[in-house]
Amino acid sequence: MSYKSIALLSLSLVLSSCTNPKDNSDCSQVNYSFIGDYEGKGADSEGNSFNFFAKVSHLGDNKYRLLILADLDKPNEPLHVMDGVLEKNKFIYTSDNGQYKGDGTLSKDGFEGYYKGPIDGTFTMRRMNRKGDLNQGRARIST
């Protein structure tokens with residue numbers, strides 16, 4: 001077998017081993033863009049449902065901060081602050097000075113996650129299209 005054949009075979013094996021980015025292999029996977037504005041909804045372990053907005057900012061490296069807000073278009077204090085690390089589209093975070101811990105999965109359209117603490121819950125967030133898409137001061141989610 002020639003060196004060219006061995007090199008070509010080796011290259012083919014490496015490329016074929018990383019063809020499915022959705023699997024949980026050790027292949028490197030580029031994170032989807034996380035920065036931006038989101039509209040979300042969720043439910044807690046006590047049966048309460050809730051709606052919220054989120055602003056996601058990049059803190060450097062793979063670190064991100066989510067500000068959970070009642071309204072995007074009015075100045076207000078965040079309801080929760082979530083700090084965490086995004087790797088392979090999985091965001092692991094703590095919130096409210098460590099009172100809550102959780103994680104979730106980022107997709108091209110949004111984020112699905114859960115939290116555990118004094119009250120547990122799940123939530124989903126959809127990326128918003130903010131380019132002139134305002135409805136009476138409240139942003140709408142893109143479809």
field: Step-by-step side-chain contact (heavy atoms from CB on, under 4.5 Å) determination, Leu86 to Tyr32
entry: CA-CA 10 Å; Leu86 180 67; Tyr32 287 110; over 6 Å; no
query: Is the number of heavy atoms from other residues, nucleotides or ligands under 6.0 Å of Asn48 CG greater than 12?
result: yes
query: How long is the span from the NZ atom in Lys108 to the CG atom in Asn89, to the nearest 0.5 Å?
result: 12.5 Å
task: Ignoring hydrogens and angles, tell me if any N or O in the side chain of Ser49 forms a donor-acceptor pair with the backbone of Gly42 under 3.5 Å.
output: no
- prompt: Looking at Arg127, Lys55, Arg126, which one forms a salt bridge (Lys or Arg N to Asp or Glu O under 4.0 Å) with Asp37?
  reply: Lys55
message: With ring-ring contact (aromatic ring centres under 6.0 Å, His included) as the test, pick out the partner of Phe111 among Phe34, Tyr93, Tyr38.
response: Phe34
Whether over 12 other heavy atoms sit under 6.0 Å from Glu112 CD: no
- prompt: Of the non-hydrogen atoms in Asp120 and Lys116, which two are nearest, and what is the gap between them?
  reply: OD1-CA, 3.2 Å
statement: Residues Ser45 and Ile119: closest non-hydrogen pair is OG-CG2, 3.5 Å
- prompt: Angle class for the Tyr115/Phe50 ring planes (parallel below 30°, perpendicular above 60°, tilted otherwise)?
  reply: tilted
query: Do you reckon Val85 sits in the same ILVMFWY cluster as Ile35, going by side-chain contacts under 4.5 Å, direct or chained?
result: no
message: Please check this pair: side chain of Asp61 against backbone of Lys63, looking for a donor-acceptor N/O pair closer than 3.5 Å.
response: no
field: Atom pair CG/CG of Asp83 and Asp96 - distance to nearest 0.5 Å
entry: 10.0 Å
field: Rounded distance [0.5 Å steps], CG in Leu66 versus CE in Met125
entry: 5.0 Å
query: If only atom types and distance count, is the side chain of Asn76 paired as donor or acceptor with the main-chain N or O of Lys74 below 3.5 Å?
result: yes
message: If I compare all heavy atoms of Phe123 with all of Tyr114, which pair ends up nearest, and what's the gap?
response: CE2-N, 3.8 Å
- prompt: What are the two closest heavy atoms between Ala54 and Ile68, and how far apart are they?
  reply: CB-CD1, 3.9 Å
- request: Quick one: closest heavy-atom pair of Asp71 and Phe53, and the distance?
  value: CA-CD1, 3.8 Å
field: Rounded distance [0.5 Å steps], NZ in Lys88 versus CG in Leu106
entry: 15.0 Å
message: Quick check: closest heavy atoms across Leu67 and Pro78, and the distance to 0.1 Å?
response: CD2-CG, 4.1 Å
